[in-house]
Amino acid sequence: MSNTKTLTAKDLRQFSGTETWFRHSLNRKVLYTEGAQYLAEHGGAYWLLDSIAITQAHVPAVAAEEFQTWTLKVNPDFTALLTCDNGNGHVVYEQAIPFTDFPLPDIKLFFCNNVIMLPSEY
């Protein structure tokens, strides 16, 4: 078994819609799509899904937003910033990530109707 992350932006473009739903283990109200599952598995980023799901239950300003855009931006020093906005650029939550080996420089996910998804799956 290899720990090498093989995720590329091209890989994520194959997802449009989903036929399989996955229930988040920590926040059972949250589901995620095949694309989000692929991202987590191949990018070593289950922690990213965890952050989104847990924040729904513990940050009222985030939970109040019906549609959310989550953006992870990775810096050259392997730190990152995870932000949540309302889809119109109004940031309602930020989380500094002290270290990540996420293989892409940035990624965007949507959260709507209790589902985490890739933008192409919306």
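The figures here come from the full heavy-atom set of this structure, side chains too, leaving out hydrogens, waters and symmetry mates.
In this structure, the separation between CG on Leu7 and CG on Leu39 is 5.5 Å, given to the nearest 0.5 Å. Between atom CZ of residue Arg13 and atom OG1 of residue Thr8 there is a gap of 7.5 Å, rounded to the nearest 0.5 Å. Thr83 contributes atom OG1, which lies 10.5 Å from atom CD of Gln95 (distance to the nearest 0.5 angstrom).
Remark: the backbone N or O of Val30 is not paired with any side-chain donor or acceptor of Gln56 at under 3.5 angstrom. Judged purely by atom type and a 3.5 angstrom limit, Asn86 has no side-chain atom pairing as donor or acceptor with the backbone of Glu65. Judged by distance alone, the side chain of Gln68 and the main-chain N or O of Val62 form a donor-acceptor pair under 3.5 Å. Put simply, the side chain of Glu34 gets close to the backbone of Glu19: a donor and an acceptor are under 3.5 Å apart.
Of all heavy-atom pairs spanning Ala36 and Leu49, the tightest one is O-CD1, 4.0 Å. Closest non-hydrogen pair, His24 versus Asn27, comes out as ND1-N, 3.3 Å. A pairwise comparison of heavy atoms in Pro103 and Gly43 identifies CD-O, 3.5 Å as the closest pair. Of all heavy-atom pairs spanning Ala80 and Thr100, the tightest one is CB-CG2, 3.8 Å.
With contacts defined as side-chain heavy-atom distances shorter than 4.5 Å, the pair Phe102/Ile107 qualifies. The shortest distance between side-chain heavy atoms of Leu31 and Arg23 falls below 4.5 Å. Residues Val74 and Leu104 fail the side-chain proximity criterion, which asks for heavy atoms closer than 4.5 Å. Between Asn88 and Phe67 there is no side-chain heavy-atom pair separated by less than 4.5 Å. Trp21 places a side-chain heavy atom less than 4.5 Å from the side chain of Thr33. Contact of the Met117 side chain with the Thr18 side chain is not registered, since no non-hydrogen atoms from C-beta on lie closer than 4.5 Å. At a threshold of 4.5 Å between non-hydrogen side-chain atoms, the residues Ile97 and Trp47 count as touching. Residues Phe110 and Thr69 form a side-chain contact, since some pair of their non-hydrogen atoms from C-beta on lies under 4.5 Å apart.
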Check the pair Gln14, Tyr38 against side-chain contact (heavy atoms from CB on, under 4.5 Å), reporting the backbone distance first and the verdict last. CA-CA 11 Å; Gln14 70 179 316; Tyr38 186 93; 4.1 Å; yes
Quick one: do Trp70 and Thr55 satisfy side-chain contact (heavy atoms from CB on, under 4.5 Å)? Show the steps, please. CA-CA 11 Å; Trp70 287 81; Thr55 302; 3.8 Å; yes
Should Tyr46 and Gln37 be marked as a side-chain contact (heavy atoms from CB on, under 4.5 Å) after you check the CA-CA gap, both sets of side-chain angles, and the distance that decides it? CA-CA 8 Å; Tyr46 284 101; Gln37 167 64 23; 2.8 Å; yes
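Hydrophobic clustering (ILVMFWY, side-chain heavy atoms < 4.5 Å, transitive): Phe22 and Leu118 are in one cluster. By the rule that hydrophobic residues join a cluster once side-chain heavy atoms approach within less than 4.5 Å of another member, Leu109 and Val59 end up as members of one cluster.
Other residues, nucleotides and ligands place more than 12 heavy atoms under 6.0 Å from the CG atom of Asp77.
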